[in-house]
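Remember, predicted model here, so these are calculated numbers, not experimental data. Per chain, numbering begins at 1; letters A, B, ... match sequence-line order.
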Amino acid sequence: MSDNPPAPPLGQSDKVVQVDNLSKKYGDNVAVNDISFNLTKGEVFAFLGPNGAGKTTTVEILECLRNPTGGQARVLGYDVSKRSDQAEIRKRIGVLPQDFNAIDRLTVRENINYFGAMFKHQLDADKLIELVDLKDKRDEQFKKLSGGLKQRVGLAVSLVNDPDVVFLDEPTTGLDPRARRDVWGVIERLKGQGKTVFLTTHYMDEAEYLADIVSIIDRGQIIASGTPDQLIDTHGGKKTLIIRDAGQEGIRQLPLGLPKAELRNAGDIAIPLNNGELTNILMSLAQTPLHDKEIEVRRPTLDDVFLNLTGRRVSEEGN
Amino acid sequence: MRSRIYTIISGHFKSWYRSKSNIFWTIAFPLLLIVLFGAIFGSGSTKFDLYLQNQDLSGNVPTPLSQGYVNVLNQTGAFNLHMVAAEQPDPLTFVKNDAQLHNRGQRLLVVPLGFNATVMSGDNATIKLFMDQSDQASASLRGIVDSVTVSYAAKIAGAPDHLFVQPVGIVTRNVRYIDFFIPGVIGMTLLTTGVFGAVNTNGRYRELKIIKKLATTPLSKIEWILGMVGYQMILATISLVVILFFGYAIFGVTVTIDIYTVGLVVAAALLFPGIGMVLANFVREAESADAAANAITFPMMFLAGTFWPRETLPDIMKVIANFMPLTYVNDGLRDALIYAQPAQALNNAIIALSLAAFFIILGSLLMNWKEE
């Protein structure tokens, strides 16, 4: 990248985030190793990977909280390593740090206005409260809210300056399933408004559900990128036919000539499907006692993609 | 910029007054201390308090005639005699401090070195009585000391006119313990709210990622620090007003508020948060930072003359107290509020402001706004 004046602001370029050969080392420890990716205006981009993969380090470099040790990164055309550019970036990005909590004894509305006052222009707090569906709680102190509601306040706070790009670092970690769904709803609304969202997560289903583009990062390196469908088609493996609750007895009842079946923990039988095999297999199963079992065809997920690429699965805790 | 600083001050202030424990430690606790210490040290006595320094020693033992004189004074039953060690080089200052601590009148009788020899040789000996002429007890006390002295002279030398009591006027403000204590409580409150405020705010806001969030906005580190200092100044002013009002209403403590008082409060509102910021940078975990703040504030509170005059401390402690910033805030506040000694108040204010500048600059430099 050149040292010319800041690149043109959003509107003249579709690249909201440009990362080229970015690295970050702490002594001998390489947290981020020569990664490159782009984020285009209006996209929801998911940076997916287990804990310690380098997601937060990368996002904090883009937020001007950490300095890279190699490569370049530009946000909205501005160089994250240049002090004068950092001031411009800070005005135009929205950030929800991982594990963020607002100020305990301020109300929802006061918190939004508190963080809004840090910017020259701020959105109307009531409109943001409406966006995150917290109208009933707007005069409630932050400390009295549940985890899911707190995270929605964080989302509102991250949008308070009407940012050109929003960085959400693990926005649903630690939330119960319903609260996660609520947060997803808010992110979907942002997507509907055409906001550019940079999301880091270790939840495969979250990335699959929300993201237009996913980059999978593991041990500091990006190991795959693409739309969720592209990643699944390329790295997810075959579809699987599942016969529910069939158990060991079901294995014995399978007709001869089927692909190699596998018995899973819950007693389900899993049969990998090649293209065009489904009808034949179903017809042969109809001749066995298994015909009255619950049968479904399961498409591979990003979980399978990660498993196939790394040989491991990511736990619920992100490890 | 003003709006951001105002927002930070307002955010801190709302968080403060919405917390019962904050209100307790900033306002109720100092008032409770004033009531307790005022009650414990405020009791009076029907006898006259009189400090006595017998300088006439022979091999560390009082000479017979000087000791006899002390005994006679004691036998009158009119005095609570408080002995001052013969080697005390500045007995007047000692008496001033000790009398404040124990809420006694500042009166000192000095039996001079060579008293025994002078009386034995038939020459005139002079005993000095230091007391404030405006002291309500001065006339009666002087009368008793005079008559005791005359009768003692007659007894030992047969010549009453060989022994004189020379009254020496001293000006005392009749400072009671509570007068001494009130500025100390103000200093202590400024210390604890400042150090703990900075330590807790920085530690907790760091844990809650609020500082990280703020660092991604256009807010600058200096605006954040100015906001915190502005908030501390408001708290300091509230503490000052509440404590002084309470001291006046309950104990009739009257004070002089001047430019030095303002300077010292401003210095304290910079100094103690500055110390807290330095501490918060070395001990990053909120709980450990709290323990570190306790480790710093408690010794300072006890050694820097909050509860009793530093002159009553052992020598080594006095030396240590000289390195404690609270010492200069406490001394300055007393000089300004109680003793009306502007020159000394100014000296202490200058020292406190210099320390404040040092700590606030050091704290600002050390404070890490980025995540490295």
Show the nearest heavy-atom pair for residues A:Val95 and B:Lys213, with the distance to one decimal. O-NZ, 2.7 Å
CD1 on B:Ile211 to CG on A:Leu65, rounded to 0.5 Å: 12.0 Å
Could you name the residues of residues 17-28 of chain B that have a heavy atom within less than 4.5 Å of a heavy atom in chain A? B:Arg18, B:Ser19
Proximity breakdown for A:Asn161 and chain B, heavy-atom pairs closer than 4.5 Å: neither
Among A:Asn111, A:Asn113, A:Ile93, A:Asp104, which residue forms the greatest number of heavy-atom pairs with chain B at distances under 4.5 Å? A:Asp104
Looking only at heavy atoms, the pair that brings B:Arg4 and A:Ala117 closest together is CG-O, 3.4 Å
CD1/B:Ile259: more than 12 non-hydrogen atoms of other groups inside 6.0 Å: no
Contact class of A:Glu110 relative to chain B, heavy atoms under 4.5 angstrom: side chain
Should the heavy atoms of other residues, nucleotides or ligands under 6.0 Å from NZ of A:Lys150 be counted, would the total exceed 12? yes
Using a strict 4.0 Å threshold on nitrogen-to-oxygen distance, state whether B:Lys212 and A:Glu60 make a salt bridge. yes
Would you say that more than 12 heavy atoms from the other residues, nucleotides or ligands in this model lie under 6.0 Å from the CZ of A:Arg180, or not? yes
Counting only heavy atoms from other residues, nucleotides and ligands, does the tally under 6.0 Å from CZ of A:Arg189 exceed 12? yes
Approximate separation, where rounding is to 0.5 Å, of B:Ser15 OG and A:Tyr114 OH: 8.0 Å
In the structure I gave you, are the side-chain heavy atoms of A:Phe115 and B:Ile210 within less than 4.5 Å of one another anywhere? yes
Would you check if B:Ile8 and A:Met118 make a side-chain contact, meaning some heavy-atom pair closer than 4.5 Å? yes
Tell me if a side-chain donor or acceptor on A:Arg90 pairs with a main-chain N or O of B:Thr216 at a distance below 3.5 Å. no
Do B:Leu219 and A:Phe119 touch side chain to side chain, with heavy atoms closer than 4.5 Å? no
Max heavy-atom pairs within cutoff under 4.5 Å with chain B, candidates A:Ile89, A:Leu96, A:Val157, A:Ile103, goes to A:Ile103
Ignoring hydrogens and angles, tell me if any N or O in the side chain of B:Lys209 forms a donor-acceptor pair with the backbone of A:Asn101 under 3.5 Å. no
